[in-house]
Trainee: 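Sending over a structure as structure tokens; questions will come in a sec.
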Amino acid sequence: MGLEALTAAIDDLVDADPSTLADGRSVVALQRQLARLDAVATRATGHFDASGKWALNGARNATTWLAVRCHLPRAAARRLVSRARTMRHLPLFAETWTEGSISGAHLDAVSAVRRPSTEATLERDEELLVGQAKRLRFDHFARALNYWDQLADPDGTEESAEERRARRDVYLAPSFSGMFLGHMTLDPISGAIVSGQLERIEHELFLVEWAEARTELGREPTVADLRRNPAQRHADALVEMAVRSGTAPADGRRPAPLFTVLVGWETLAGRTCELAQGIALTPGSLVPWLDRTYLERAVFEPGGRVEVSTTARLFTGGTRRAIELRDRECTHPVCDIDGEHCQVDHIIPYSEGGETSQRNARLLCGPHNRERNQRPPPDD
């Protein structure tokens, strides 16, 4: 009944004229109710996670279930489960969030300073911190929280290099648009090394670009004459760091992406032009890479099969790539492991005369491939 009433209330808001909600008071009220709904949904997710009901569909964990069933980016699903678990340890913050006085970002900030050395002090000072979260602007609260962390754990500022390194964190993942988004947290020494090299390569790129502009213009250029801004040069410098890393070993070679382009398929089903990871590209984005790219050829026969020996034991080469392209990810209904990390499974086992052909193949991740010998994947 609660969800039905909520749906009806949201339907009324959707049908309302946006201009009637465009005043400052209404915007604040909407954000407050949005925070409350977010808190309720997160709390429910925590109970779902603890119940283990996600396993009934064969999912490996609650994060995978949420990513598949709720169509969430995996990072967002992971963050939702993490928040839900944190709520159990910060009852006052959870209650205040449910009231709509703070947001999930406040919970994330406090969670970042919660560790064994600060747990007792955090429990003692939670009411104080909640008051600051309600009163202060978020960036001011974050600064106050950092100072609290220093006072709560005075030895933390002198912690060993190994303990500090243990807090390092880097992620880089593709967004829904194919752009890679990331975040980096490094200890002081590692950060100085990476930052120093990044700045050095960026400066190299700057000097080359400056010289090119001087030659082209016939005069001393200005920064406005350069084809890249500093942020773009830093991004290109990071790519160059990766390229140089790949060529550092004696047998190293410059990294080369694997592009998948279906020639002739566009007439029937639309363009296919993407990276091996499934990220869609425009044809023009391939042009700068054509002199550095390795081409892989797979010829499709009528019926969707690929030219390959059907008596071969394993799916390899172009055959495997064609199956990856078709299935994209583990074919278990509650799994999102991408094809690159899956195994190609014979639907009719090879030992029972099953062909090593695209028609008799499907992608399954390691756990679900092993599981099929115990019970078939569920239909739902």
Side-chain angles (χ1 to χ4, degrees), residues 73-76 78-79 165 167-217 221-262 271-297 320-321 324-325 328-329 336-342:
R74 189 168 183 80
R78 186 183 301 112
R79 182 168 58 252
R165 287 190 71 250
R167 291 160 58 184
R168 65 194 183 279
D169 172 67
V170 173
Y171 75 81
L172 185 65
S175 67
F176 71 93
S177 65
M179 295 293 287
F180 275 76
L181 305 179
H183 172 80
M184 182 183 301
T185 303
L186 297 174
D187 63 89
I189 297 176
S190 298
I193 293 172
V194 173
S195 176
Q197 292 303 306
L198 189 65
E199 292 298 328
R200 181 179 64 81
I201 297 175
E202 189 275 336
H203 187 62
E204 289 180 14
L205 298 179
F206 171 80
L207 293 178
V208 171
E209 196 170 342
W210 187 273
E212 290 174 347
R214 183 193 295 122
T215 301
E216 181 179 338
L217 298 172
T222 66
V223 291
D225 296 318
L226 302 183
R227 57 187 173 85
R228 292 178 291 193
N229 60 39
Q232 292 170 330
R233 275 195 304 276
H234 276 91
D236 292 345
L238 184 61
V239 175
E240 181 62 21
M241 287 177 65
V243 170
R244 294 182 184 183
S245 172
T247 57
D251 59 346
R253 68 180 187 183
R254 292 180 68 87
L258 172 61
F259 299 114
T260 297
V261 181
L262 294 191
R271 173 186 296 160
T272 296
C273 181
E274 59 189 51
L275 285 170
Q277 292 87 347
I279 300 172
L281 303 171
T282 62
S285 61
L286 274 64
V287 174
W289 293 90
L290 291 180
D291 62 342
R292 290 171 281 174
T293 300
Y294 297 95
L295 301 179
E296 184 177 66
R297 179 174 177 268
R320 177 186 168 87
R321 179 64 191 134
E324 288 179 5
L325 182 61
R328 302 304 181 98
E329 60 185 24
D336 61 352
I337 299 298
D338 62 82
E340 184 181 5
H341 299 100
C342 286

Trainee: Give me the atom names and distance for the closest heavy-atom approach of R74 to D336.
Mentor: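 Of all heavy-atom pairs spanning R74 and D336, the closest is NH1-OD2, 3.0 Å.
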
Trainee: So does Q232 have more than 12 non-hydrogen atoms from other groups sitting under 6.0 Å from CD?
Mentor: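 Check passes, neighbour count above 12.
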
Trainee: Nearest 0.5 Å please: distance from the CZ atom of R168 over to the OG1 atom of T185.
Mentor: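 Answer rounded to 0.5 Å: 11.5 Å.
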
Trainee: For the atom pair SG (C342) and CZ (R328), what is the distance rounded to the nearest 0.5 Å?
Mentor: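 Between atom SG of C342 and atom CZ of R328 there are 13.0 Å.
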
Trainee: Could you report the tightest heavy-atom contact between Y171 and L181, atom names first, then the distance?
Mentor: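 Of all heavy-atom pairs spanning Y171 and L181, the closest is CE1-O, 3.9 Å.
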
Trainee: The test is side-chain contact (heavy atoms from CB on, under 4.5 Å); show your working for V170 and L186 and say whether it passes.
Mentor: CA-CA 8 Å; V170 173; L186 297 174; 4.2 Å; yes

Trainee: How far apart are the C-alpha atoms of H234 and E199, what are their side-chain angles, what is the distance that settles it, and do they pass the side-chain contact (heavy atoms from CB on, under 4.5 Å) test?
Mentor: CA-CA 7 Å; H234 276 91; E199 292 298 328; 2.8 Å; yes

Trainee: Can you give me the closest heavy-atom contact between A237 and E202, atom names plus distance?
Mentor: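 Smallest heavy-atom distance, with atoms named: CB-N, 3.7 Å.
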
Trainee: Any chance you could measure M184, atom CE, to L198, atom CG, to the nearest 0.5 Å?
Mentor: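 These two atoms lie 8.0 Å from each other.
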
Trainee: How many angstroms lie between CG in L172 and NE2 in H183, if you round to the nearest 0.5 Å?
Mentor: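 Interatomic distance, L172 CG to H183 NE2, rounded to 0.5 Å: 12.0 Å.
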
Trainee: Atom CD in Q197, atom CD in E240: separation rounded to 0.5 Å?
Mentor: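 These two atoms lie 12.0 Å from each other.
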
Trainee: Working to the nearest 0.5 Å, report the span between CG of D225 and CZ of R214.
Mentor: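 Interatomic distance, D225 CG to R214 CZ, rounded to 0.5 Å: 12.0 Å.
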
Trainee: With the threshold set at 4.0 Å, does a side-chain nitrogen-carboxylate oxygen contact exist between E204 and R244?
Mentor: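 Here E204 pairs with R244 in a salt bridge, since their nearest N and O are under 4.0 Å apart.
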
Trainee: State, to 0.1 Å, how close L226 and W210 come at their nearest heavy-atom pair, and which atoms those are.
Mentor: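 Looks like CD2-CA, 3.9 Å.
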
